[in-house]
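Data first, discussion second: the structure below is written as structure tokens.
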Number of protein chains: 2
Amino acid sequence: MPRNRRPQDREEKREEILAAAQRLFIDDGYESASMGQIAKHAGVTVNTIYWYFRDKDDLLIAVLDRLLAEALTQYATIADRPLGDRLLWAVDQLERLHGLVNTVHTRAPASPAVHAWHTGFHELADALVADDLRNAGAADADLPAMTAIGTFVIEGLLTHRRDDADKRAVIDLLVHQLTTVPTRT
Amino acid sequence: MPRNRRPQDREEKREEILAAAQRLFIDDGYESASMGQIAKHAGVTVNTIYWYFRDKDDLLIAVLDRLLAEALTQYATIADRPLGDRLLWAVDQLERLHGLVNTVHTRAPASPAVHAWHTGFHELADALVADDLRNAGAADADLPAMTAIGTFVIEGLLTHRRDDADKRAVIDLLVHQLTTVPTRT
DNA sequence: ACCTGAACACCGTTCAAGT
DNA sequence: ACCTGAACACCGTTCAAGT
């Protein structure tokens, strides 16, 4: 059976590989999802993946970019809700991706490309969080430290699953603390 | 050359394997430190490791227990210093182990043994942090959420390296926030 | 340009065999 | 009880060869 009947398949096949990789990375984890499995699910041979992507880390980055873009457009949807609701929504949405958070941290030291992606991601996330905190009335002097705390707590909630009540309590306390305390001396 | 001249070598050889594994896990990372490398550094054959340890995850857990015991005895040394100093000290001490933090998170889903260790560790850490917060005058009602925030921030500081000034600022703000805010309604 | 079959060097783990 | 040499099934990656 001929595999590429039309020349336009070019971008299509890349998408098929990407979709297969995304599903397996999320469901089975980056380690367990072998290149062989990904190839099989995409209907190609292993080596074909290497025609479209430099290596497995490059494939990971492409998946991450895909997921990030999707998350950002969805985040814009609820830009008008209060800070606490927005944070809880973000945690709920990203929770299924918690494995990828660890994967990025694990691969970053070994792969310069993943390291660069991780740095860029945190610059973006920090900017978003800082903006939110400023709008919520946080003291300017403490903003960098506050942003770090906010980011760390969100990441903690992603990687250490808690039930809904616990998540709500942690986020409520966080928002309350970060926005109502008077500036320190 | 005869390798085990004395029968007392039993526990000694186990320690040699453990020491080699600890060094390589910390310096090269869990993934990069192959069983072959560990065996070579311990002066044994690969299969010998499997006589003393069930598998690589079991070896990891033995290393973690070793490091945890060491950290706890050292932590007791500075039990009288103020909370902020103690937290900063903990972050500085554990910073070189940040790779293992990710490793535990990565292996936990696949290995029930690592998962159990991770759960036990957080119970212990949460108890320590909760105790500290209570002594520092934290409101009782918010204690679980406060403890979670404290743990998440410490873990965040471990896995996302910051310079000394940033670390100090984050911890100072955290301690200030968690101990001086009046109870919420 | 695109895709493959076959190989490469490596991995964690196991097994039959030795003392 | 303790340790080994040799094998097993797998991994990510590469290469020469095809269209």
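Reminder, nothing fancy here: chain letters follow the sequence lines and each chain counts from 1. Only this structure's heavy atoms are used, side chains among them; waters, hydrogens and symmetry mates stay out. Bear in mind that the values here come from a model prediction, so they are computed numbers and not experimental data.
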Round to a whole Å and report the spacing from CD1 of B:I38 to P of C:dG12.
7 Å
Note: A:D57 and A:Y30 closest approach over all heavy atoms is OD1-OH, 2.9 Å
Which atom names give the shortest non-hydrogen contact between A:L18 and A:V63, and what distance separates them?
O-CG2, 4.1 Å
Counting just side-chain N and O atoms, does B:W51 come under 4.0 Å of either OP1 or OP2 of D:dC3?
no
What nucleotide among C:dT13, D:dG12, D:dT4 has an atom nearest to a side-chain atom of B:T45?
D:dT4
Atom CZ of A:R14 to atom P of C:dA1: distance rounded to whole Å?
17 Å
Closest nucleotide among C:dT13, D:dT13, C:dC3 to the A:Y50 side chain:
D:dT13
If only atom types and distance count, is the side chain of B:T48 paired as donor or acceptor with the main-chain N or O of B:V44 below 3.5 Å?
no
Closest to the side chain of B:T48, out of C:dC3, D:dT4, C:dT13, is D:dT4
When rounded to whole Å, the CD to P distance for the pair B:Q37 and C:dA9 reads 17 Å
Check the distance between C:dC11's C1' and A:M35's CE and give it to me in whole angstrom.
17 Å
Please step through ring-ring contact (aromatic ring centres under 6.0 Å, His included) for the pair A:H105 and B:H105, ending with a clear verdict.
CA-CA 10 Å; A:H105 290 158; B:H105 290 159; 8.6 Å; no
Proximal nucleotide (of D:dG12, C:dG12, C:dT13) relative to the B:D55 side chain
C:dT13
Provide, to the nearest angstrom, the distance between the NZ atom belonging to B:K40 and the P atom belonging to D:dT4.
15 Å
Return the value, rounded to whole Å, for the distance between atom CD1 of A:I49 and atom P of D:dT13.
10 Å
Find the distance A:K13:NZ to C:dA1:C1' and express it as a whole number of Å.
12 Å
Straight-line distance of B:M146 CE to B:D140 CG, nearest 0.5 Å
9.5 Å
In this structure, how many angstroms lie between the P atom of C:dC11 and the CD atom of A:E31, rounded?
14 Å
Do A:E155 and A:H160 have side-chain N/O donor and acceptor atoms under 3.5 Å apart?
no
For DNA chain D, what dot-bracket results from Watson-Crick or G-U pairs at under 3.5 Å, with [ ] for crossers and | for inter-strand partners?
||.|||||...|||||.||
Within the 6.0 Å centroid threshold, strictly below: B:F152 and A:F152:
no
Return the nearest nucleotide to the side chain of B:Y52; candidates are D:dT4, D:dG12, D:dC2.
D:dC2
